[in-house]
Amino acid sequence: MEKKRPTIITIVCAIGFFGALISIPLIFSDIAKNIGAWYPPLLALSSIVGLITMVGLWSMKKWSVILYTGMFLINQVIMLATGIWNIAALILPGIVVVIMFSQYAKMD
């Protein structure tokens, strides 16, 4: 019997896929370049990892939760260390982490 994906996970994935798509032009933007030469590659890596985690989450895989949480924590540390951290960088991804872990027991 196939496991049914919870609606909340479907919503998170839809938003995550959309977010990955809209981040592509940001990688090449002047805004990203003005933050620092290191920022566009970080944004690109974060986008790729985000897309991979959304594919895993769509398939209800536990590794996706761990990978997303790890990248979330790394990004928080980098933003704090470089002085570009703000509360908005914590809220939405933090909510996603909480939602993912709330469904963790249902995953393979």
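Connection of I66 to V77 is not established within any shared hydrophobic cluster, with ILVMFWY side chains joined at heavy-atom distances below 4.5 Å, either directly or through further cluster members. Transitive grouping of hydrophobic side chains (ILVMFWY, heavy atoms separated by less than 4.5 Å) keeps Y68 and I11 in distinct clusters. Put simply, W38 and F28 are part of the same group of oily side chains (I, L, V, M, F, W, Y) that touch within less than 4.5 Å, one to the next. Connection of I15 to V49 is not established within any shared hydrophobic cluster, with ILVMFWY side chains joined at heavy-atom distances below 4.5 Å, either directly or through further cluster members. Hydrophobic clustering (side-chain heavy atoms under 4.5 Å, transitive across Ile, Leu, Val, Met, Phe, Trp, Tyr) keeps F18 apart from I27.
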**Request:** Verify side-chain contact (heavy atoms from CB on, under 4.5 Å) between M107 and I9, making sure each step is shown before the conclusion.
**Result:** CA-CA 11 Å; M107 297 180 188; I9 295 296; 4.2 Å; yes

**Asked** Does the pair L45 and M71 meet the rule for a side-chain contact (heavy atoms from CB on, under 4.5 Å), with working shown?
**Response** CA-CA 9 Å; L45 177 64; M71 194 66 195; 4.2 Å; yes

**Prompt:** Can you check side-chain contact (heavy atoms from CB on, under 4.5 Å) on Y39 and N34, steps first, answer last?
**Reply:** CA-CA 9 Å; Y39 189 71; N34 288 337; over 6 Å; no

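Atom OG of residue S47 and atom CG of residue L43 lie 4.5 Å apart, to the nearest 0.5 angstrom. Distance CD1/I35 to CG/D30: 11.5 Å, rounded to 0.5 Å. Atoms CG and CG, on L51 and L21 in that order, are 8.0 Å from each other to the nearest 0.5 Å. Atom-to-atom distance recorded for K61:NZ and I52:CD1 is 15.5 Å, nearest 0.5 angstrom. In this structure, I48 CD1 and T53 OG1 are separated by 12.0 Å, a value rounded to the nearest 0.5 Å.
More than 12 heavy atoms of other residues, nucleotides or ligands sit less than 6.0 Å from atom CD1 of I22.
For the residue pair V12 and M54, the shortest heavy atom distance occurs at O-SD, 3.8 Å. Residue R5 comes nearest to M60 through the heavy atom pair CG-SD, 4.0 Å, listed as atom of the first residue, atom of the second, then distance.
Between the side chain of S23 and the backbone N or O of L26, no donor-acceptor pair lies under 3.5 Å. Within the 3.5 Å criterion, the main-chain N or O of V55 finds a donor-acceptor partner in the side chain of S59.
Both tests pass for K62 against the ring of Y104: distance under 6.0 Å to the centre and angle within 45° of the axis.
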Show the atom names and distances, to 0.1 Å, of all donor-acceptor pairs under 3.5 Å that link a side chain in residues 83-101 to residues at least two apart or in another chain.
unit_1: W85; atom_1: NE1; unit_2: Q76; atom_2: OE1; d: 2.6
unit_1: N86; atom_1: OD1; unit_2: A88; atom_2: N; d: 2.9
unit_1: N86; atom_1: OD1; unit_2: A89; atom_2: N; d: 3.1

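Not a single side chain to side chain donor-acceptor pair (under 3.5 Å) links S64 to another residue, sequence neighbours left out. Partners of T82 according to the side chain to side chain donor-acceptor pair (under 3.5 Å) rule, which considers only residues two or more places apart in sequence or in another chain, do not exist here.
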